[in-house]
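Before any comments, here is the structure.
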Amino acid sequence: MDTETFWRLVDAARAADKPPHAALSDLLAAQGEEHVLAFEACMDRLDTAIDRWGVWAAGCLVGGGCSDGSFMDFKAGLIGPGRAWYERVVRCPDDLAEHPGIRRAAATGDQEAVFREELGSVGPDCYRRFTGDEDDFSPASDRHRTARGLDGGGEHDMGEDFGFDDPDERHRRLPRLAALYRAEGQQ
């Protein structure tokens with residue numbers, strides 16, 4: 001699946017009159033098992049592109065900490081709002097200070113709209129609709145990628161490593177986001 005098709009599906013799901021993850025699952029299910037695996041491969045590519053230290057530091061600020069699992073949910077939550085926000089975050093994680101969901105999370109302390117585990121599990125959930133077996137999803141996804149030469153292979157560049165557990169360093173690198181959370185009494 002190309003990136004344009006992926007974002008069209010995300011946009012269509014966001015415009016639906018049901019939760020985006022449910023709408024996305026329905027859209028994928030209507031297209032077949034192969035489409036689900038192609039969607040997941042594209043989702044993984046986009047997820048890997050924002051798998052960077054600065055984005056993780058942003059997740060740490062927003063969530064008051066950010067484990068590996070929480071970071072996965074945070075990245076899914078950055079893909080869910082669509083291409084424009086995703087691309088802004090790739091360019092500058094500090095732009096999240098302007099994101100409506102982030103601002104709402106800062107004001108209320110509720111990260112539900114930002115950490116979106118259910119968006120990250122659309123592929124496996126939809127695959128189970130076809131096969132009745134979620135356990136086969138990872139091997140099927142691996143076979144799909146290998147057959148198409150989509151093996152990510154090796155390490156990717158997460159950018160400059162820094163001590164994002166250090167509040168002063170996070171504030172230096174993400175000044176607007178840190179100020180937002182400081183203004184809301186979160187950090």
Side-chain angles (χ1 to χ4, degrees), residues 1-56 58-59 62 66 68-93 95-96 99-102 112-159:
M1 175 178 294
D2 64 44
T3 305
E4 295 298 323
T5 302
F6 177 91
W7 288 120
R8 278 195 302 273
L9 282 166
V10 169
D11 288 343
R14 289 177 47 234
D17 60 354
K18 59 173 72 174
H21 65 281
L24 191 52
S25 185
D26 289 347
L27 289 167
L28 289 171
Q31 309 235 353
E33 183 179 325
E34 184 65 25
H35 205 72
V36 172
L37 296 170
F39 175 87
E40 185 70 14
C42 191
M43 175 87 166
D44 284 350
R45 283 193 314 273
L46 293 168
D47 178 273
T48 298
I50 56 174
D51 193 13
R52 304 189 46 80
W53 294 117
V55 176
W56 204 331
V62 172
C66 195
D68 292 355
S70 292
F71 186 47
M72 291 173 62
D73 298 345
F74 184 68
K75 291 184 294 176
L78 298 176
I79 291 170
R83 185 178 208 157
W85 272 108
Y86 172 86
E87 289 178 350
R88 279 185 74 176
V89 172
V90 168
R91 283 190 304 275
C92 179
D95 280 355
L96 283 169
H99 186 283
I102 298 289
E112 184 75 21
V114 181
F115 289 80
R116 301 301 303 263
E117 177 182 11
E118 68 277 2
L119 286 174
S121 63
V122 165
D125 292 347
C126 192
Y127 186 81
R128 185 180 58 238
R129 289 169 75 173
F130 288 109
T131 66
D133 181 9
E134 188 174 314
D135 293 337
D136 188 45
F137 178 73
S138 289
S141 182
D142 291 345
R143 287 189 301 273
H144 171 86
R145 290 165 207 216
T146 300
R148 286 152 188 80
L150 299 175
D151 293 339
E155 305 237 348
H156 66 280
D157 181 12
M158 288 189 64

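The chain is numbered in sequence order, starting from 1.
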Holding to side-chain hydrogen bond (donor to acceptor under 3.5 Å, both in side chains), I want the full list of residues that pass it with [X], two or more places apart in sequence or in another chain.
X    : answer
D2   : T5
R128 : E134
H21  : none
D125 : S121

F39 vs L24, test: side-chain contact (heavy atoms from CB on, under 4.5 Å). Steps then yes/no.
CA-CA 10 Å; F39 175 87; L24 191 52; 3.5 Å; yes
What pairs with [X] under side-chain contact (heavy atoms from CB on, under 4.5 Å), at least two apart in sequence or on another chain?
X    : answer
T131 : E33, Y127, D133
A12  : L27
S141 : L37, E40, F137, R145

Keeping to residues at least two apart or across chains, list the salt bridge (Lys or Arg N to Asp or Glu O under 4.0 Å) pairs with something in residues 11-24.
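Non-adjacent pairs meeting salt bridge (Lys or Arg N to Asp or Glu O under 4.0 Å): D11-R14, K18-D26.
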Who passes ring-ring contact (aromatic ring centres under 6.0 Å, His included) against W53, sequence neighbours left out?
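Partners of W53 by the ring-ring contact (aromatic ring centres under 6.0 Å, His included) criterion, ordered by chain and then number, come out as W56, F164.
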ring-ring contact (aromatic ring centres under 6.0 Å, His included) with W85: which residues, sequence neighbours excluded?
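ring-ring contact (aromatic ring centres under 6.0 Å, His included) list for W85, sorted by chain: H99.
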Residues 75-84, side-chain donor-acceptor partners within the protein, below 3.5 Å, at least two apart:
unit_1 : atom_1 : unit_2 : atom_2 : d
K75    : NZ     : D47    : OD1    : 2.9
R83    : NE     : E87    : OE2    : 2.8
R83    : NH1    : E4     : OE1    : 3.1
R83    : NH1    : E4     : OE2    : 2.7
R83    : NH2    : E4     : OE2    : 3.2

